[in-house]
Protein chains: 2
Amino acid sequence: MKDKINKILQLSPDLFNSFWNRLEPESIPKGKYYIKEGQYSKKLALITKGAVYSFYSKEGEEIIEGFCFEGCFFTDYPSFINGIPSKKNFKAIEDTELLVISKEKLDGLYQANPSYERAGRLMAEYLFTSWEMKLRDSIFSSPTERYLQLAANRKDITQRIPQYLIASYLNITPQYLSQIRKKLAENE
Amino acid sequence: MKDKINKILQLSPDLFNSFWNRLEPESIPKGKYYIKEGQYSKKLALITKGAVYSFYSKEGEEIIEGFCFEGCFFTDYPSFINGIPSKKNFKAIEDTELLVISKEKLDGLYQANPSYERAGRLMAEYLFTSWEMKLRDSIFSSPTERYLQLAANRKDITQRIPQYLIASYLNITPQYLSQIRKKLAENE
DNA sequence: CTATTTCATTCAACTAGTTTAAGAAACACT
DNA sequence: AGTGTTTCTTAAACTAGTTGAATGAAATAG
């Protein structure tokens, strides 16, 4: 996992370890919130075990934005970066173990060594470009197509996550997802 | 305009000027492409005059992602950052004047001074967070609501941009936008 | 200043996705 | 095991948004 992460950050082994040693363990029990909308997200969290999903709430409904599994960093970036209240929520799907670093400590690293500045830039660029791809995908493809892609490329999601959450992620009702699955099964 | 830009980049006056002096003028005539999908986007461009829009093409249709006006930086970021072919197009809506910097020169700056590294990070973070807001907006609001927001907050768009492009931006057909406008006008 | 193309509107028929409501299946808990 | 709870499926009625075709208005070219 460390290797996978440093592929993005491109830090020297020493600097990477120094970053890693500043991470502190936390845990979230299944079904519990880690961040609620309105709160300030002051920590960057890495999942070492478990799964978390992020969602907006609209009229009591959860509108799921994404899922995070082992090896994935998450935080509410607008809140973390700009110090504004978070507009979304993060909740554990399973019992989850984290390694976290506070905004202050991270800023400390940025100032301590330009390599961290660079790592921060690479991270933001990485997030930004993956974001673009997600947006493109959601514009381009119908729910059926997106479900097919998910089933093909993201077994981690389709196998670990209940269907009504997947429906919310695809931005459709569970009933409609059921209908899609039925049609796909018929055409086998 | 310079002030507005350096509010994001947070460079010292000297470093900002040094960056600014590396920019080179280019121009795009109305209706012409600046980047076509499949090409490599190797420059970051700032609009000093005119307007540009970016779009994906799907079965011959243009699906508009966004508009850029004076003071706005644009490039295909995934292509620019990761050196992959661009998946979208950029075309001038009006005769447009640019200031551009190549990826190589920008990387040169990053290496020359950590302040640029920091500016790059701030830029990527800024883009990333505005992206999130755009995505949230498009998930949350109906086309009618989004049109109302546009009409209220983005006169630059509704006044300068033809309606069929706005429809594409809202991800609806021009016919439906017409219908929306009619209904809104009736309820005045 | 007319001819041509491009843009905006209207309408009717259609399709994709929602809603409501009900039953079936899986799960959790003494 | 059996009972309550949560998840998944099915179906019918509905709504939002599309398609296609026709019409008029505006911009552009020659």
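Below, chain A is the first sequence line, B the second, and so on; all start at residue 1.
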Are any of T173(B)'s side-chain N or O atoms less than 4.0 Å away from OP1 or OP2 of dG17(D)? no
Atom pair distance, as rounded to whole Å: CG in L165(B) and P in dT6(C): 14 Å
Ring center gap for Y169(A) and F67(A) short of 6.0 angstrom: yes
Could you check how far CD of Q179(A) sits from P of dT20(C), rounded to whole Å? 16 Å
Rounded to the nearest Å, what distance is computed from the CD atom of residue E145(B) to the C1' atom of nucleotide dA16(D)? 13 Å
F128(A), L9(A): one ILVMFWY side-chain cluster at the under-4.5 Å cut-off? yes
Hey, would you say the F140(A) and Y56(B) ring centroids sit under 6.0 Å apart? yes
Would you kindly check whether a donor in the side chain of Q175(A) faces an acceptor in the base of dT20(C), or vice versa, at under 3.5 angstrom? yes
Taken to the nearest whole Å, CD/E61(B) to C1'/dG20(D) is 13 Å
Whole Å only: how far is the CG atom of L177(B) from the P atom of dC7(C)? 14 Å
Donor on one side chain, acceptor on other, T48(B) and E70(B), under 3.5 Å: no
Using atom CD1 of I172(B) as one end and atom P of dA16(C) as the other, report the distance to the nearest whole Å. 19 Å
By nearest nucleotide on DNA chain C, pick out whichever of Y164(B) and Y176(B) is the more 5' one. Y164(B)
If you pin I161(A) and I180(B) to their nearest nucleotides in DNA chain D, which one's is more 5'? I161(A)
Separation of dG17(C) P from Y147(A) OH (nearest whole Å): 16 Å
When you check the gap from the basic side-chain N to the acidic O, do E26(B) and K43(B) get nearer than 4.0 Å? yes
Quickly work out the I166(A) CD1 to dT9(D) P distance and round it to whole Å. 11 Å
Tell me whether the side-chain N/O atoms of K182(A) come closer than 4.0 Å to OP1 or OP2 in dC8(D). no
Please check the phosphate of dC8(D) (OP1 and OP2 only) for any side-chain N or O of R181(A) closer than 4.0 Å. no
So, OP1 or OP2 of dT9(D): does either fall under 4.0 Å of a side-chain N or O from Q163(A)? yes
